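Following: one structure in structure tokens, then a few remarks.
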There are 2 protein chains.
Amino acid sequence: MDRRTPVDDRTGRRIVPETARRADRPPTRYGSRPTMKDVAARAGVGLKTVSRVVNGEPGVTPDTERRVQEAIEALGFRRNDSARVLRKGRTASIGLILEDLADPFYGPLSRAVEEVARAHGALLINGSSAEDPEREQELALALCARRVDGLVVIPAGDDHRYLEPEIKAGVATVFVDRPAGHIDADVVLSDNFGGARDGVAHLIAHGHRRIGFIGDMPRIHTAAERLRGYRAAMEDAGIPVEDSWMSLGATDPERVRRAAEAMLSGPAPVTAVFSANNRVTVTVIRVLAEQPRRIALVGFDDIELADLLQPGVTVVAQDAAALGRTAAERLFRRLDGALVAPERIELPTRLITRGSGELPPAG
Amino acid sequence: MDRRTPVDDRTGRRIVPETARRADRPPTRYGSRPTMKDVAARAGVGLKTVSRVVNGEPGVTPDTERRVQEAIEALGFRRNDSARVLRKGRTASIGLILEDLADPFYGPLSRAVEEVARAHGALLINGSSAEDPEREQELALALCARRVDGLVVIPAGDDHRYLEPEIKAGVATVFVDRPAGHIDADVVLSDNFGGARDGVAHLIAHGHRRIGFIGDMPRIHTAAERLRGYRAAMEDAGIPVEDSWMSLGATDPERVRRAAEAMLSGPAPVTAVFSANNRVTVTVIRVLAEQPRRIALVGFDDIELADLLQPGVTVVAQDAAALGRTAAERLFRRLDGALVAPERIELPTRLITRGSGELPPAG
DNA sequence: TAGAGCCTGGACAACGTTGTCAGGCGCGCG
DNA sequence: CGCGCGCCTGACAACGTTGTCCAGGCTCTA
């Protein structure tokens with residue numbers, strides 16, 4: 001490292017002052033902004049004429065338009081959209097509330113929502129609820145106070161009656177990944193039940209009967225649905241499920257590790273595990289790698305590099321981008337006034353076999 | 001899958017109408033919103049008194065406050081922040097422009113920015129530039145028109161003079177991950193040069209002399225700095241670098257694969273590779289897995305599951321969350337009026353050894 | 001009991017933009 | 001030559017909120 005510049009001991013940061021401000025910079029007062037009135041005065045025209053030019057409205061002589069453009073350029077004018085919003089009623093922005101921006105599952109989802117918003121000329125405001133219903137509500141209402149045109153919500157809570165006045169007032173609202181609670185609204189979901197059932201059936205088809213299930217907290221809809229899928233697959237195959245094979249709770253590595261190790265020990269350990277989301281899967285992979293026997297694994301949600309592990313990880317993949325895209329498109333169609341009755345849309349999942357789900361039961 | 005509900009053949013979506021709206025719902029006109037005036041009328045008080053209650057200002061009798069609260073409740077009133085912003089000048093929101101929300105590197109970064117914003121009572125508006133300078137500018141100016149209080153920018157372009165009027169007008173602006181072009185502004189960077197140099201020196205220390213470098217397009221600052229670090233390490237060790245060992249360009253899998261395969265073939269192939277970002281690393285791992293000999297690898301940026309591969313992937317990790325946090329904190333300190341001169345802050349990187357970087361040169 | 005001071009409440013303007021409407025000018029037609 | 005029509009242009013109000021300022025009523029004290 002370059003040792004000539006001072007380094008903050010505690011943080012290790014290196015701090016270098018930037019070059020001094022260039023001398024030719026005009027002495028402008030900070031914090032002031034030219035308005036259309038200023039532009040009008042400078043161009044020697046009326047206020048409304050400036051508005052016409054800025055918005056590309058017809059009815060302005062080329063000569064006048066040029067004068068106005070010059071004044072705008074000279075003053076560095078930029079229209080104040082807050083005032084515009086106040087006047088027009090629409091903000092051309094939508095809100096997205098998800099659980100955690102840093103979770104790799106939500107990256108593609110929010111990117112997809114953003115793309116659709118961009119195509120409709122809208123900006124995206126987003127916030128993370130951190131799986132806290134109160135924070136979800138706080139965020140949603142703050143966005144409504146900003147008068148976003150619409151809201152895409154990945155619910156943390158299970159009661160969304162607080163949004164009723166907003167929806168009535170015209171905020172187009174679509175729920176994604178999990179259904180809304182106690183209100184009628186558009187919902188876009190993955191086929192959590194079917195996906196989990198297919199994944200577990202896949203393990204059964206490869207000879208497993210003692211299959212473990214490790215999932216998220218049961219109050220979360222997706223977790224409950226995936227458990228239901230597991231139970232359905234086992235029942236379809238006529239396999240009675242033992243309580244010790246199922247573990248639901250927080251997805252932190254410590255708990256998941258304990259749960260997995262419990263299922264894998266004792267007199268009749270499981271020979272396969274179904275892990276019900278990406279965070280759980282990552283920890284389960286670590287635990288299985290330490291086992292003397294090869295344990296089969298199918299995970300819900302795809303994972304980067306899953307194909308490079310030994311063995312490759314078989315997963316039930318959901319299409320996060322499609323979830324986001326579908327929800328956002330529906331939101332804008334509603335804004336265009338096309339839709340009336342709320343609908344529930346379910347997207348299919350896809351089983352991707354890579355090896356871990358095809359392992360035979362270990363003696 | 002449940003076969004009783006209709007399925008759209010093309011998309012595989014299942015569509016179910018939600019239950020009919022509840023009958024007890026009052027017939028409200030959509031799109032209308034009560035204002036403070038309405039609340040005042042209903043409560044039988046003046047407009048300003050409502051404002052006082054809504055903002056928790058003193059000088060209102062408990063009895064009056066109760067009456068106002070009841071009216072707010074009854075009408076479902078929610079303050080219109082657009083009008084508030086217009087009046088007050090501050091929006092309590094900041095903008096974040098990054099390259100791609102879906103890139104796992106930017107998830108923790110934007111999450112960190114959001115956390116800091118939240119602590120300051122501000123919302124986060126964000127957009128992706130898709131590495132397109134024009135789109136970056138378009139987004140930045142749109143956010144300025146919304147009168148965001150500040151801007152965190154991961155630059156796609158290399159000329160940011162277009163932001164000068166905005167910064168002068170008081171938009172607190174901080175650049176992250178890459179420096180700003182042609183303007184003085186706060187910058188928060190990782191030590192790309194030092195990190196790359198350390199990573200390459202690590203390979204040299206394990207006996208390698210023929211070391212390849214695969215990086216991003218050289219116009220991107222981080223890519224250039226990491227290449228500089230590679231060259232410095234090689235020079236420090238007195239190893240002359242051959243042109244065929246270096247490859248810079250787009251990070252799509254096809255190009256990276258061709259580049260890696262080229263370095264690994266021929267009469268004197270490289271025995272180790274330094275991959276200069278997360279996307280490159282993922283592809284290089286795939287290519288190396290197909291090679292008959294064990295090739296050493298050090299990558300810039302950490303990768304999930306890197307520890308579970310065979311061998312584990314040695315990386316130079318940067319702290320994305322710290323980048324975002326530092327930038328956002330600086331932005332808010334500037335908003336508080338504490339800062340004057342722009343600074344350049346550099347965060348250290350960390351070498352994490354997991355096996356792939358410690359392999360000896362293969363015969 | 002009267003005056004001073006405090007506390008509560010409300011009228012009014014202003015924030016910067018856009019929609020409405022009317023005025024002025026030039027040109028074509030009768 | 002005069003009238004009417006159409007095209008530009010600008011004055012004005014309104015969007016919903018907050019800051020300023022003043023009025024009225026109350027209490028407390030001399």
Side-chain angles (χ1 to χ4, degrees), chain A residues 31-69 71-72 75-93 142 144-149 166 169-170, chain B residues 31-69 71-72 75-93 142 144-149 166 169-170:
Chain A
S32 76
R33 281 268 189 187
T35 71
M36 284 191 179
K37 206 166 135 187
D38 302 324
V39 175
R42 174 160 186 137
V45 302
L47 180 55
K48 180 64 205 196
T49 301
V50 178
S51 173
R52 286 204 183 87
V53 172
V54 169
N55 293 295
E57 289 170 24
V60 181
T61 341
D63 182 59
T64 310
E65 173 161 0
R66 191 185 42 74
R67 289 214 317 284
V68 172
Q69 286 291 9
I72 289 176
L75 295 174
F77 167 79
R78 182 118 28 231
R79 181 180 62 197
N80 184 331
D81 275 356
S82 296
R84 175 168 224 253
V85 159
L86 177 59
R87 194 60 235 259
K88 305 205 71 149
R90 283 255 172 130
T91 56
S93 55
C144 290
R146 297 288 167 110
R147 296 295 188 267
V148 291
D149 297 335
E166 311 302 327
Chain B
S32 77
R33 281 267 189 189
T35 71
M36 284 192 180
K37 207 165 134 189
D38 302 325
V39 175
R42 176 161 184 134
V45 302
L47 181 54
K48 180 66 203 193
T49 302
V50 177
S51 174
R52 287 204 184 88
V53 172
V54 169
N55 294 296
E57 288 170 26
V60 181
T61 344
D63 181 59
T64 309
E65 172 162 1
R66 191 185 42 74
R67 287 215 318 282
V68 172
Q69 286 292 9
I72 288 176
L75 295 174
F77 166 81
R78 181 118 29 230
R79 181 179 63 196
N80 184 332
D81 275 356
S82 296
R84 173 168 225 254
V85 159
L86 178 59
R87 192 61 233 261
K88 305 205 73 149
R90 284 257 174 128
T91 57
S93 56
C144 289
R146 297 288 167 110
R147 296 292 188 269
V148 291
D149 297 335
E166 311 301 327

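These numbers were taken from a predicted model, which means no experiment stands behind them. Residue numbering restarts at 1 for every chain, and letters A, B, ... go by the order of the sequence lines.
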Which of the following nucleotides, dT18(D), dT17(C), dG10(D), is nearest to the side chain of K88(B)?
dT18(D)

Between dC8(D), dC15(D), dG19(D), which nucleotide has the shortest distance from any of its atoms to the side chain of R87(A)?
dC15(D)

Taking 4.0 Å as the cut-off, does a side-chain nitrogen or oxygen of S82(A) come that near to OP1 or OP2 on dT17(C)?
no

Heavy-atom pair of closest approach, residues R146(B) and S93(A):
NH1-CB, 3.4 Å

How is V85(B) classified with respect to the nucleic acid when contacts are heavy atoms under 4.0 Å: base, sugar-phosphate, or nothing?
nothing

For the atom pair OG1 (T91(B)) and CG (D81(A)), what is the distance rounded to the nearest 0.5 Å?
11.5 Å

Remember a base hit wins even if backbone is also touched, and classify T64(B) as base, sugar-phosphate or nothing at under 4.0 Å, heavy atoms.
sugar-phosphate

Tell me the interatomic distance from N80(A), atom CG, to dG16(D), atom P, rounded to whole angstroms.
17 Å

Heavy-atom nearest pair, T35(B) first then D38(B), reads N-OD2, 2.8 Å

Measure CZ/R33(B) against P/dA14(D) and give the value in whole Å, please.
23 Å

Scan V54(B) against the nucleic acid and name what it touches under 4.0 Å (heavy atoms): base, sugar-phosphate only, or nothing.
nothing

Within the structure shown, what part of the strands sits under 4.0 Å from V45(B) by heavy-atom distance: base, sugar-phosphate, or nothing?
sugar-phosphate

Quickly work out the L86(B) CG to dT18(D) C1' distance and round it to whole Å.
10 Å

Just by modelled atom types, is the A43(A) backbone N or O under 3.5 Å from a matching donor or acceptor in the R67(A) side chain?
yes

For N55(A), report the nucleic acid contact type (base, sugar-phosphate, nothing); a contact means any heavy atom under 4.0 Å.
sugar-phosphate

Which one, dT18(C), dA11(C), dT17(D), comes nearest to the side chain of K48(B)?
dA11(C)

Without decimals, in angstroms, what is the distance between L47(A) CG and dT17(C) P?
8 Å

Closer than 4.0 Å, any side-chain N/O of R84(B) to the OP1 or OP2 of dC15(C)?
no

In whole Å, I'd like the distance from the CZ atom of R146(B) to the P atom of dT17(C).
14 Å

Taken to the nearest whole Å, CZ/R67(B) to C1'/dT8(C) is 12 Å

Report yes if at least one side-chain N or O of T49(A) is closer than 4.0 Å to OP1 or OP2 of dG10(D); otherwise report no.
yes

Is N55(B) reaching over with its side chain to a backbone N or O of E57(B), donor-acceptor style, under 3.5 angstrom?
no

Can we say R33(B) and E166(A) salt-bridge, meaning some charged N sits less than 4.0 Å from an Asp/Glu carboxylate O?
yes

Any side-chain N or O of S51(B) less than 4.0 Å from the OP1 or OP2 oxygen of dT18(D)?
yes

What is the distance from CD of E57(A) to P of dC8(D), rounded to the nearest Å?
13 Å

Of the listed dT17(C), dT17(D), dT20(C), the closest approach to the R52(A) side chain comes from dT20(C)

Just how far, in rounded Å, is P of dA14(C) from CE of M36(B)?
20 Å

